[in-house]
Structure formats: C-alpha cells, structure tokens
Amino acid sequence: MVARIRLFIDHPLAAGQPVPLNGPQAHYLSGVMRLGPGDPVEVFNGREGAWSARIADVTRRGGALDVLAPSTPQRDPPDLWLVFAPIKKARTDFIVEKAAEMGAARILPVQTNHTNAERIRRDRLQAHAVEAAEQCNGTFVPAVDDLMPLSRLLDGWDGTRRILWADEAMAGPAQTLAGLRRGPWAILIGPEGGFSDAERARLSALPFVSRIGLGPRILRADTAAVAALALWQAALGDWRDGSV
C-alpha cells in the first residue's frame, strides 16, 4: 500500500527506528484521518530525505511510528532567502506557504517604516512552512525567523549574498535577470504602501542590491513575492536546469 499521509518529524530517521508522535500529529492520524496501527505514512525531517513508515501505536494524545526504508532522497533548495514585510494575517500565511513551496531556503519577516504588523506568531508561520512541505512532497522545511527591523538586518548583512529588490517604482516593461550571477541571493518584498524615502535611499546605495520590476502592473505584496520567487527560480535557481 502506498502511503497517502506525509509528516514532518523532528527526529533522526533510520530503518527500524521508532519515532514518537506528538499530540497534534497523533490526533491528526487517529482522529482526523482515522488511521491505526499498521497503516502506512511517509515521514521526513528536513535533513535525511523521506522515509516510509507505519503506525506502531497511536491515540489522540500520542503514539509512535516504525521507520521502514528510505523513499525519496533529500533535496535542498537553492541558497535563496525571502525577506518580506508582514501584512494581514492570512496574506502573510500565504507568503510563507508559497515561499516554502517554491524553494526558499529561509524566510525572514522584517519591520519597515510602513509595516502594518507590529508582531508575528513565528511558531504559526513555521507550522505553515511545515504543512506546505508535507503537502507538496518536499523534504526540506525553510526556517522562519523572528520579526526584526529591516535596518538592523541590513546593518549585519553579508554583502556576498546579493539582494534582489522587487521595486514597485519600476513597474513597466517586462525585465529579466540576465547578467546576474548565480549564488547566494535574497529576494526583498516591501510592505503595503512601499518603502519610505529613507529606506529607498539606503537600499539604492547598497552595492549588493539589484532592483527589478515585476511587469507593467503594481502587485500586492503577496502576489509580488510569488512573482519574484518564480522569476528568480526560472533564471538563477533550480527551475532553470534542474540543478541547485
């Protein structure tokens, strides 16, 4: 029988090794999916690929799985970060989910001068990243950082990682990323209302920042994140030739 259910398990995986289920995972398997001992699942921990497993014991409060054999090799994304200003709750959730699906290796929410959200639930956003990997046959889960000021992030930035700034002021004819080199990158998406004049001036002066327009229309922040990730992946990432 082919496993239909995938779970992220933060635990080492090896053939014959039992792994514990936490309360929400056990409730999902037994209470939601109506599975029991002997039923198959697939598990991954973000480091060692995916493994076939079966339920050894489960109640609505806990349980255990028996790991059987590797099923999918580990596939890590390119060295791409997404830096974005949080917006409304559901749309911020959407950005994190899509970033995980589309191959961001790290997700960094930042506070800007025009950011509407003053705080985030990092644990909730991390759970959305996990769920995206579970549902999309991923073997990697990007880390979601705590919210921090953009100014502080830039103060400590390693200039060997270039930033692709999706600048709404450059809306116009379609552009490409031709001429940009592959390597460590971050995509920067601003808040609703855009960056302040001071932030724009600082970003424009940084030698490791490249500005890019996303076509003739000004996009909402959540749409811009998806568009920029797709553009980068097609030009510089693992969509181009299947390699990282």
Side-chain angles (χ1 to χ4, degrees), residues 1-22 24-26 28-29 32-33 35 37-58 63-82 94-108 123 125-145 160-162 164 177 181-187 225-226 228-244:
M1 183 185 299
V2 177
R4 297 183 299 110
I5 307 301
R6 302 184 80 244
L7 289 178
F8 173 78
I9 302 289
D10 189 13
H11 194 280
L13 301 174
Q17 178 178 339
V19 296
L21 293 168
N22 61 33
Q25 291 169 335
Y28 172 69
L29 292 178
V32 178
M33 302 308 299
L35 299 181
D39 285 328
V41 295
E42 186 174 68
V43 296
F44 65 102
N45 62 9
R47 304 178 300 275
E48 299 165 316
W51 292 68
S52 60
R54 65 175 169 236
I55 299 173
D57 178 58
V58 65
L65 303 175
D66 288 328
V67 179
L68 302 177
S71 55
T72 305
Q74 179 67 23
R75 182 178 177 88
D76 294 331
D79 192 359
L80 174 65
W81 299 356
L82 176 67
F94 174 90
I95 290 173
V96 170
E97 290 170 358
K98 299 313 165 189
E101 290 178 31
M102 298 181 71
R106 185 178 174 189
I107 301 170
L108 300 91
D123 58 340
L125 294 179
Q126 188 66 67
H128 282 296
V130 167
E131 183 178 356
E134 289 175 339
Q135 294 182 351
C136 296
N137 291 323
T139 57
F140 178 89
V141 177
V144 181
D145 286 24
T160 61
R161 179 179 299 277
R162 296 194 59 82
L164 186 67
L177 304 187
R181 68 180 185 272
R182 301 179 88 173
W185 278 88
I187 289 172
V226 174
L229 285 163
L231 184 66
W232 189 93
Q233 281 284 27
L236 301 173
D238 57 10
W239 291 10
R240 188 175 79 167
D241 54 12
S243 64
V244 175

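Just the heavy atoms: all of them, side chains too, but no hydrogens, waters or symmetry mates, feed the values below.
For Ala15, the side chain to side chain contact (heavy atoms under 4.5 Å, CB included) partners are Trp51, not counting sequence neighbours. Remark: Arg106 pairs with Trp81, Leu108, Asp145 by the side chain to side chain contact (heavy atoms under 4.5 Å, CB included) rule, at least two apart or across chains. Considering only residues two or more places apart in sequence or on other chains, Leu68 meets the side chain to side chain contact (heavy atoms under 4.5 Å, CB included) condition with Ser52, Arg54. Partners of Asn45 under the side chain to side chain donor-acceptor pair (under 3.5 Å) rule, at least two apart in sequence or in another chain, are Glu48. In this structure Phe94 satisfies the ring pair (Phe, Tyr, Trp, His ring centres under 6.0 Å) test with no other residue, sequence neighbours excluded. With sequence neighbours left out, Asp57 forms a salt bridge (Lys or Arg N to Asp or Glu O under 4.0 Å) with no residue at all. Every residue two or more places apart in sequence or in another chain that forms a side chain to side chain contact (heavy atoms under 4.5 Å, CB included) with Asn22 is listed here: Pro24, Gln25.
Side chains of Val41 and Arg6 form no contact here, defined as non-hydrogen atoms less than 4.5 Å apart. Considering only heavy atoms from C-beta on, Phe140 stays 4.5 Å or farther from Arg75 through its side chain. Within the 4.5 Å cutoff, the side chain of Ile55 has heavy atoms near those of the Val58 side chain. Counting only heavy atoms from C-beta outward, the side chains of His11 and Pro20 approach each other to under 4.5 Å.
With Ser71 contributing its side chain and Ala50 its backbone, the two residues share a donor-acceptor pair below 3.5 Å. Arg161 contributes no side-chain N or O that, together with a main-chain N or O of Gly183, makes up a donor-acceptor pair within less than 3.5 Å. The backbone N or O of Met102 lies less than 3.5 Å from a partner atom in the side chain of Gln233, making a donor-acceptor pair.
Atom CZ of Phe44 sits about 9.0 Å away from atom CD1 of Ile9, to the nearest 0.5 Å. Of the inter-residue distances, the one linking Leu65 atom CG with Leu7 atom CG reads 6.5 Å to the nearest 0.5 angstrom. Separation of atoms CZ (Arg181) and CG (Leu236) is listed at 10.5 Å; rounding is to 0.5 Å. In this structure, Ile107 CD1 and Lys98 NZ are separated by 12.0 Å, a value rounded to the nearest 0.5 Å. Atom CG of Asp238 is separated from atom CZ of Arg182 by 8.0 Å, given to the nearest 0.5 angstrom. The CD1 atom of Ile95 lies 7.0 Å from the CG atom of Leu82; values are rounded to the nearest 0.5 Å.
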Ignoring hydrogens and angles, write down the donor-acceptor pairs under 3.5 Å from the side chains of residues 126-136, residues two or more places apart or on other chains.
from, atom 1, to, atom 2, distance (Å)
Gln126, OE1, Val144, N, 2.8
Gln126, NE2, Pro142, O, 2.9
His128, ND1, Glu97, OE2, 3.0
His128, NE2, Asp93, OD2, 3.4
Glu131, OE2, Gln135, NE2, 3.1
Glu134, OE2, Phe8, N, 2.9

